[in-house]
Amino acid sequence: MTADRTPAEVPAKDCQICRVRRISCDRTLPHCRKCSSRNLRCPGYGINLRWGQGVASRGKLAGQAIPVRRDSHISHNAFQRRADIVVPIDVDLPLSARWRGLPFDSITAGLLDHFDRGVATKLAWVDDLHNPWRSVVLPLAHDSSTVRYSVLALASKDLASKYPRDHHWAQTLQAISRYHQNVALSWLSKDMRDILQDPTAVRSRDQARHILASALILYNRELLTAPAAQWRIHIQCAREIVQWNLQSASSALYANIADVFLFYEYYYTSVYLGLTTFDPIDQLQGDFPAHDNVTVFCDFIRIMHSVTRAEREKYTMQCSSQSIPIEFTLLDIEFAKAQMIQMSDTIKFRSVQARHDFECLVHMFYHATLIYTHRVLSDSTAPDDGIQHSLGMLLKHVLPLSCSAAVAQDLVWPLFITGTEPRGNQQMQSTVEEAMKNVIRLTGNLDRYRVLSFLKTFWSLDLEPGTTWIQYARDKSFNFSFLVIL
């Protein structure tokens, strides 16, 4: 299922390590001789997974597309040290006991520490004492080279973003990130082949879990800077593994907290992407068993998903007599708010202020979901008192929460909905713009500048009265592809 590169396919650039060290690179495939002569671990010229280039002929994935690499080299020396590169991060702190016995150098130790202290904080809905990006993902990284190198790729990419693009540390860390990504993709490809060869093997469940974790981590890495075409590959990979899991589901799948967490991370991402893709009705499963500690906000996300599906059905005139009345959805929203407030009593927040900000965030989700539901399901196109009340509550909290390190990473969706309402009100628009820039400053860009650009364009246009952001986004979707409202 793989195809070796020919000399004509060798890229014009040096391998990453030669470029960092400013060595004149020897373009011998799959790795350059200059790195080998110096006993350096060479990343070669990049590994590129392509979904849809092969089809499984047996097992649960029979007939489905699988990922293949453009070269056939697999790294077997996963833990070989790479000297000569110094990373400007604090590595003096001892590693957790879970890492003892593994031959990690100072670079790996520092990157794991940065993932623990920095990256996991931004990825979690709630950075409490049970943050699953620490309590679930890092143990998986201990057990799996696929997950470990994905974690290192994301950590070094995130660390590079702390420096100006032309800074030498930014360039060095980018090269380190590409190296770890390439190794991660090698291991991911190997895990995938193992599953396809024997899907009933004892290790298949663990390997599927590692592949899903790796795909989600690499998706988050690519989301930092890469165009959509690159990170969508990882979402496609995650989708295939989720389908494999659901087809071979057993009671063990529902009992394993890692599987629950990873499924919902994929589910959340898919629901948010679906807001502006306007694809046909999806078949995502939204009733997978939840776990409070790792599936925060799942009730609100499920409602968003059902409302989005209702909008697609309404647009394509597929509404049936079984369509759920808006009153039922509004009751579900009330229940979701009550559940979230109750859940807040079980979360081990790091401070009293963090608890307060989280409770305000719950109300933000509540009012944003109410507005979204009314805009999709209500028969009236004119703003009603309920929407205006919810908008007022959103505007009350949006600026303070956008400056809260505890919840700013979760604010993009309610902030986006807030921004879709104040057409013609420049003061409200300025509030939304300032809040979005605060979120970007605290938690990173991702796709948020494009989200803000969409809102500013929506504000500036002379549209027909009653035109919603959904109608505008559908009409203009060919111009902006779609938005990642996360």
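Sequential numbering from 1 along the given sequence is applied to the chain's residues. Only a predicted model underlies this, so the values are computations on that prediction, with no experimental measurement involved.
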inquiry  = Using only atom types and a distance under 3.5 Å, with no angle test, would you say the side chain of Arg209 pairs donor to acceptor with the backbone of Ser204?
reply    = no
ask   = Short question: side chain of His356, backbone of Val352 - any donor-acceptor pair under 3.5 Å?
value = no
inquiry  = Can you confirm whether Arg148 sits close enough to His180 that some side-chain heavy atom of one is under 4.5 Å from a side-chain heavy atom of the other?
reply    = no
query = Side chain of Gln429, backbone of Lys456: donor and acceptor closer than 3.5 Å?
reply = no
message = To check you understand the geometry: which heavy-atom pair defines the closest contact between Ser214 and Leu188, and what is its length?
response = OG-CD1, 3.4 Å
query = Can you find a pair of side-chain heavy atoms, one from Thr443 and one from Arg448, that are under 4.5 Å apart?
reply = yes
task = Without swapping roles, check the side chain of Arg221 against the backbone of Leu154 for a donor-acceptor pair under 3.5 Å.
result = no
request  = Indicate the ring-plane relationship of Trp413 and Tyr372, choosing parallel, tilted or perpendicular according to the 30° and 60° boundaries.
outcome  = perpendicular
message = I want to check something: taking the side chain as every heavy atom from C-beta on, are Arg134 and Thr121 in contact at a cut-off of under 4.5 Å?
response = yes
task = Would you check if the side chain of Arg355 reaches a backbone N or O of Ser344 as a donor-acceptor pair within less than 3.5 Å?
result = yes
ask   = Relative to the ring of Tyr267, is the ring of Tyr264 parallel (under 30°), tilted (30 to 60°) or perpendicular (over 60°)?
value = perpendicular
task = Work out which heavy atom in Ile195 is nearest to a heavy atom in Ala208; give both atom names and the distance.
result = CD1-N, 3.6 Å
inquiry  = Quick check against the 3.5 Å criterion: does Ser177 have a side-chain atom that pairs as donor or acceptor with the backbone of Leu173?
reply    = no
query = Do Trp469 and Phe458 have their ring centres less than 6.0 Å from each other?
reply = no
request  = Pick out which of Trp125, Phe297, Phe365 makes a ring pair (Phe, Tyr, Trp, His ring centres under 6.0 Å) with Phe358.
outcome  = Phe297
Verdict with reasoning, Glu433 to Lys437, per salt bridge (Lys or Arg N to Asp or Glu O under 4.0 Å) = CA-CA 6 Å; Glu433 182 174 359; Lys437 289 180 177 178; 3.2 Å; yes
key: Heavy-atom pair with the smallest gap, counting every atom of Met364 and Leu394   = O-CD2, 3.4 Å
query = Closest approach of Ser402 and Ala408, non-hydrogen atoms and distance?
reply = O-CB, 4.0 Å
inquiry  = Minimum heavy-atom separation for Leu370 and Ser390, please, with both atom names.
reply    = CD1-OG, 3.8 Å
inquiry  = When you compare the side chains of Thr420 and Arg375, does any donor N or O come within less than 3.5 Å of an acceptor on the partner?
reply    = no
key: Residue pair Val307 / Met304, side-chain heavy-atom distance below 4.5 Å   = no
inquiry  = Using modelled atom types and a 3.5 Å cut-off, is there a donor and acceptor pairing between side-chain atoms of Ser430 and backbone atoms of Gln426?
reply    = yes
ask   = Under the 3.5 angstrom rule, does the side chain of His210 hit a backbone N or O of Asp206 as a donor-acceptor pair?
value = yes
note = Heavy-atom closest pair (Asp158 atom, Leu224 atom, distance to 0.1 Å) is N-CD1, 3.9 Å
ask   = Tyr472 vs Phe454 aromatic rings, parallel, tilted or perpendicular, using cut-offs 30° and 60°?
value = tilted
message = Ring centres under 6.0 Å, that's the criterion: do Tyr268 and Phe300 meet it?
response = no
ask   = Side chains of Gln181 and Arg178: is there a donor and an acceptor less than 3.5 Å apart?
value = no
task = Kindly say whether Thr468 contributes a backbone atom to a donor-acceptor pair with the side chain of Gln471 at under 3.5 angstrom?
result = yes
ask   = Between Trp459 and Gly419, is there a donor-acceptor pair closer than 3.5 Å when you use the side chain of the first and the backbone of the second?
value = yes
